[in-house]
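Here is how names work: the chains are called A, B, and so on, in the same order as the sequence lines, proteins then strands, and each is numbered from 1.
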Amino acid sequence: MAELHLKSVEKTYGNGFKAVHGIDLSVKEGEFMVLVGPSGCAKSTTLRMIAGLETTTGGEIHIGDKVVNDLVPGKRGIAMVFQNYALYPHMKVHRNLSFGLKLKREPKDKIERATAEVSGVLQIEELLDRLPKQLSGGQAQRVALGRALIKQPEVFLFDEPLSNLDAKLRASMRVRITDLHKRLRAEGRPATVVYVTHDQVEAMTMGDRICVMKDGHIMQVADPQTLYQRPANAFVAGFIGMPEMNLVPAELTPGAAPVLTLHGQSITIADGLASRISGVQGAVTLGIRPQQLEVVAAQSDNALTAEITNLEFMGHEVNLHARIGDADFVAVVPSERFDTTLQRGDPVGLKPIGSHIHLFDAQNGSNISIAAD
Amino acid sequence: MVDLTQTPPNTSDALQRKLKRRAKISATIRYSVLALIGLIMVYPLIWMIGASFKTNAEMFSSPSFWPKEPTLQGYIDGWKTSTPYTFGHFFLNSLWIIIPKVIGTAISCTLVAYGFARFEFPGKNFLFATVIATLLLPNVVTRIPQYLLFRDIGWLDSFLPLWVPSALAGDAFFVFMIIQFLRAIPRDMEEAARVDGANTLQTLIYIVVPLLAPAIISVCLFQFMWTMNDFLGPLIYISSVDKYPVSLALKLSIDTTEAFAWNQILAMSVLTLIPSLTVFFLAQKYFIEGISTGGVKG
Ligand SMILES: Nc1ncnc2c1ncn2[C@@H]1O[C@H](COP(=O)(O)OP(=O)(O)OP(=O)(O)O)[C@@H](O)[C@H]1O
Ligand SMILES: [Mg+2]
């Protein structure tokens, strides 16, 4: 097993489109790194460059202590699991699993042993004599996983492996993959993983660290908790979390208790903000998660007054949509604390919890409310 | 009230019967028309098979295809031919032309199509345009330059002019057909094979060729049938009788006899049909899969 380093890696496609803009990324040995981002942000391109399926037009890719830029995929010590499984349709499961080892001319008994072990781990023993078209989606994905596992690669690459499965199966496969990763670590052969997804639940639950990408740039690399609590910029803040963080333009007046003004309404943030900002004032973007936006009576002290535009009853909680001028807010309220007399069109008070407020630079979107520690 | 509740099922019942009868009548008419047209199309073939069992005298005296006194004489005499060789010899010649040609076509066209469909290389667009251009070029245009070329190399009266162009992917149609088929196949499998450590050739042999099997089989079938029926090619390049394929041998019996022995000619024509038909029916399943450009189901 090995480390993986990308050093100012660039990709310009043949048509002149620059998909990846010099990214730097280090994945530690045995680490589960998730690449996440909106569609078209070059997650697959990055992964395919690591795999060697796409040429690298700039920078260096290191796997272990080798620069692999000019190595063919088969020589890089990687294995890849594709979104639509990409099993060889004319080969039985058994041959699908052992194809890579056969090409390497491994001895027959070793191949048999490896196949038996991998199919045991993934519980696909009874499928060994089937053709891929005779498998369900979940079974096919397990075989695809087995085909990667059997090679004992330095680095595992996954490109949205679960997105073709239904929600329930996806959840169980998610657990299966993380379990497998932990198990390999416990057995003393930790697997370095790069896992591409656009599903933030997958990203948050599976990743040791998450790399958020946008338009071929890395926006932030951090563990899930940091990403959620201390997003480096407005993009990450908006991308991670459900429902999305509220991001609205506001005016900041600093002081011992800073004052935020939006649409003519001013609120004083008494706690938890002053110490995190320094020397910032003027136009900012206010960011507050729906879960940290308290719903209070209209006209309460230090609360913004908004008009309810929609109420979504989710069972255990209620999503309250409200508007101030042209700024839309969402607040999530646990059902038992929700005032059921509230109706669409009613005025309501919204009070951001000071310690959870984020302020972003109005121009470049970087987080200006993280104390420099 | 009682009446009212009971009438609807009755009328709908009658309606359904009527609809069923109408569907039946329309189906009968449709199939009769189809059968009739089909019969008109195959009648010459049926007549030929029937006539091959007639005597030469009966041939033009009765329009029916059914022989009055069936005889195998046409087959016996036809097989002997008017040359020192039996018809079997010509069959072997045909096979000797066809088999290398089919194999060469399958290999070369697959290689060329794989290159065009999966790789980027300088001049690709120009080269592909050239391939398509040869597809549009009428065959006769190239006959004379080709003849002169092969004469200068000294390949006249050998099978080489028939084999070599095909073995170099000279049949643009087949290249085009395989490219189209390949385009419908997702690349993931090939990429998975490369990640598994296969080089380009191994990927081609272990992954692409099996996926392409229906298309390649269709190519082989087409090439088999077209070569079996090819008259002009052997006529131009082959001059000694002992190298004649069946298409030329059939014509031979027309040339040399003063009163044409039509029953012999027809008998041998029937035999000539058999290989193509057999091969077609054996490979029918793949053939249809191949020309209906499906690729791989998801
Ligand atoms: N072969 C190509 N030629 C030119 N541009 C390409 C090519 N492949 C991808 N792109 C472009 O590169 C960008 C990144 O594509 P990529 O497939 O890496 O996105 P992604 O993050 O994987 O998206 P998704 O979540 O939809 O899979 C996109 O804007 C895409 O249009
Ligand atoms: Mg992708």
Side-chain angles (χ1 to χ4, degrees), chain A residues 13-15 44 47-48 50-55 71-92 95-106 131-134 137 140 143-151 153 155-161 164, chain B residues 106 110 114-128 178 181-220 283 285-286 289-290 292-298:
Chain A
Y13 275 109
N15 59 2
S44 299
L47 195 76
R48 290 167 56 81
I50 300 171
L53 294 171
E54 213 66 77
T55 55
L71 291 183
V72 296
K75 294 258 185 308
R76 291 190 178 199
I78 49 118
M80 185 155 169
V81 179
F82 294 79
Q83 175 171 357
N84 39 16
Y85 325 132
L87 298 177
Y88 311 125
H90 54 289
M91 297 181 191
K92 298 230 168 103
R95 266 206 80 201
N96 260 291
L97 291 176
S98 59
F99 184 69
L101 297 183
K102 284 228 175 80
L103 285 178
K104 273 201 226 155
R105 301 188 188 289
E106 298 280 0
L131 285 170
K133 66 175 174 216
Q134 297 164 325
V143 175
L145 204 55
R147 187 171 64 181
L149 208 55
I150 200 170
K151 292 166 62 189
V155 178
F156 284 92
L157 305 174
F158 294 83
D159 194 354
E160 309 203 16
N164 283 2
Chain B
T110 307
Y114 182 51
F116 273 123
R118 290 296 197 249
F119 296 95
E120 294 303 324
F121 47 88
K124 172 173 160 175
N125 290 337
F126 172 75
L127 287 173
F128 188 66
I178 297 183
F181 197 89
L182 206 49
R183 280 189 179 149
I185 299 178
R187 289 170 187 228
D188 300 29
M189 272 94 70
E190 290 153 58
E191 291 179 343
R194 282 171 60 202
V195 170
D196 262 349
N199 59 33
T200 308
L201 194 66
Q202 285 168 326
T203 309
L204 177 67
I205 294 170
Y206 293 123
I207 310 296
V208 178
V209 167
L211 293 178
L212 273 181
I216 295 176
I217 290 174
S218 308
V219 164
C220 292
K285 190 182 127 212
Y286 303 99
E289 214 175 303
S292 61
T293 332
V296 186
K297 276 170 262 147

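- A:Arg48 touches chain B through its side chain: at least one heavy atom from C-beta onward sits under 4.5 Å away, while N, CA, C and O do not.
- The side-chain heavy atoms of A:Leu103 and B:Tyr206, taken from C-beta on, include a pair separated by under 4.5 Å.
- At least one side-chain heavy atom of A:Met91 sits under 4.5 Å from a side-chain heavy atom of B:Ile207.
- Put simply, the side chain of B:Arg194 does not reach to within 4.5 Å of the side chain of A:Val72, judged on heavy atoms.
- The side-chain heavy atoms of B:Pro186 and A:Asn84, taken from C-beta on, include no pair separated by under 4.5 Å.
- There is no contact between A:Leu157 and chain B, counting heavy-atom distances below 4.5 Å.
- In this structure, CZ in B:Arg187 is found 11.0 Å from CG in A:Leu53, a value given to the nearest 0.5 Å.
- The local environment of NZ in A:Lys92 is sparse, with at most 12 non-hydrogen atoms from other residues, nucleotides or ligands closer than 6.0 Å.
- The shortest non-hydrogen separation linking A:Ala86 to B:Ala192 is O-CB, 3.8 Å.
- No more than 12 heavy atoms of other residues, nucleotides or ligands sit less than 6.0 Å from atom NZ of A:Lys75.
- The contact between B:Ala193 and chain A is made by backbone and side chain atoms together, counting heavy-atom distances below 4.5 Å.
- Taking all atoms of both residues into account, the shortest heavy-atom contact from B:Val195 to A:Lys151 is O-NZ, 2.7 Å.
- Of the residues considered (A:Phe99, A:Tyr88, A:Phe82), A:Tyr88 shows the highest number of contacts with chain B, using heavy-atom pairs under 4.5 Å.
- A pairwise comparison of heavy atoms in A:His90 and B:Leu211 identifies ND1-CD2, 4.1 Å as the closest pair.
- In this structure, chain A has a heavy atom under 4.5 Å from the side chain of B:Gln202, while its backbone stays farther away.
- Annotation: the span from A:Asp159 atom CG to B:Glu191 atom CD amounts to 10.0 Å, rounded to 0.5 Å.
- The local environment of CZ in B:Phe126 is sparse, with at most 12 non-hydrogen atoms from other residues, nucleotides or ligands closer than 6.0 Å.
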